[in-house]
Amino acid sequence: MKIAGIRASMPRRPIPDPVIIPSSTQIARSASPTSAVTPSQPPTDLRQSRVDEFLMARSLSDNSKKAYQQDLQRFMDWTQTAWASVTPRQVALFKDDLLEEKFLAPATVNRVLTTLKNFYGWMVDSEYVAKNPTKTIDLLELESPEAQDLSEAELASIYRVAAESNYRERNTALVAILLHGLRAAEVSALNLEDYDGTRLHIRKAKSDSKGYVPLKEKARGDLDAYLEWRSQQGEELQPTSPLFISRSRRSFGKRLTYWGIRDVVDAIQQVTGIDLHAHRFRHTFATDLVLRGMDTYHVMTLTRHKSMQSFKRYTKRADQIAAEKAFYQALGESQPENV
């Protein structure tokens, strides 16, 4: 009892507070307090880096690069699949979706697919992918386009409108140069040093189709008159000066751009009513030379075409006229005057 009494009189020991041991995750978070509030960043799309490299590896005009980028972007927007993981089935489905778009012309579908095919061909050659998933995908069969060369009456109308425009010296010379088979972007890139008084040196061209183009006597006269007019306006002409300059308020005196050339052609179209675009001048140049009996290889040298397949579409009317002439010769008949 005595012992029990003693125990009863002794004070109780206080119960210690619990000790909380932090986990390794909590320790890591306390070591970097900002990690808990930093939002997660979306993963970088590495596909664009391959596109950038592809565009840099090719000799393309600025407009062509923009078109290639848009075509490849269309595919990247359609699927998030990495380039190396794309399958032929996916490309086939992509083609079907393109065909279902209401306002997408068959020629545009072919262009997008051709861009994708070219891109994957480069990817295989660069050893970024082992197989080309576009290889088994066929392009659409398109109807053969109508001849796009301009008639003599249309050319006369175009020259008349250019001569009556506000900047007749420039616009007349511009039409004359376009009628030598140059693309609008090539004309825009020309400098004074590219004109030696007889011919033009094409230094920047689509698909690296550089070369020289001799000028007709009339074109030389129109271009010389334009340059003389610029000199009379007080402009100091230098070898690196643009061959054609803008007269718009926004870019007065600067290089006439591709879009500036397009504006000039569109303005001529509005007055003449002719379905006109800059490339029709190129068709006219090639067709006219073939009709005059010039060797096709030489014409291709001046237009700087690299394949007969792409060149043939420029000479459709010339082929038709030659075939009709041969037809009447084979029959031993005189060819009607209206043919």
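Below, all heavy atoms of this structure are taken into account, side chains as well, without hydrogens, waters or symmetry copies.
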(Q) Looking at Glu127, I want to see if its CD is surrounded by more than 12 non-hydrogen atoms of other residues, nucleotides or ligands under 6.0 Å. (A) no
**OP:** Answer yes or no: are there more than 12 heavy-atom neighbours, outside Lys66 itself, under 6.0 Å from its atom NZ?
**Re:** no
- [ ] Check the side chains of Gln90 and Thr81 for a donor-acceptor pair under 3.5 angstrom, ignoring hydrogens and angles.
- [x] yes
NZ/NE/NH1/NH2 to OD/OE distance under 4.0 Å, Lys312 and Asp319
yes
Q.
Whether the Ser248 and Ser251 side chains hold a donor-acceptor pair (N or O, under 3.5 Å, no angle test) is what I'd like checked.
A. yes
Does Arg220 come within less than 4.0 Å of Asp224, counting only side-chain N to carboxylate O? no
Classify the side-chain pair Gln270/Asp266 by whether it contains a donor and acceptor separated by less than 3.5 Å. no
Problem set entry | Basic-acidic side-chain contact under 4.0 Å: Arg203, Asp194 | yes
Give the ring-plane orientation class for Phe75 versus Phe94, where under 30° counts as parallel, over 60° as perpendicular and anything between as tilted.
perpendicular
Lys/Arg-Asp/Glu bridge criterion (N-O < 4.0 Å) met for Glu101, Arg74: yes
Open item on the list: Would Arg50 and Tyr128 count as a cation-pi pair here, with the cationic atom under 6.0 angstrom from the ring centre and within 45° of the axis?
Closed with: yes
Ring-ring centroid check Phe244 Tyr226, cutoff 6.0 Å: yes
Can you give the donor-acceptor pairs under 3.5 Å from side chains of residues 161-170 to other protein atoms, not counting sequence neighbours?
unit_1	atom_1	unit_2	atom_2	d
Ser165	OG	Ala162	O	2.6
Ser165	OG	Asn171	ND2	2.9
Arg170	NH1	Ile245	O	3.2

Apart from Met294 itself, its cluster of hydrophobic side chains linked below 4.5 Å comprises Phe285, Leu289, Val290, Val299, Met300, Leu302, Met308, Phe311
- Where does the angle between the aromatic ring planes of His279 and His277 fall among parallel (under 30°), tilted (30 to 60°) and perpendicular (over 60°)? parallel
So the salt bridge (charged side-chain N to carboxylate O under 4.0 Å, His left out) pairs with at least one residue in residues 76-85 (sequence neighbours excluded) are none
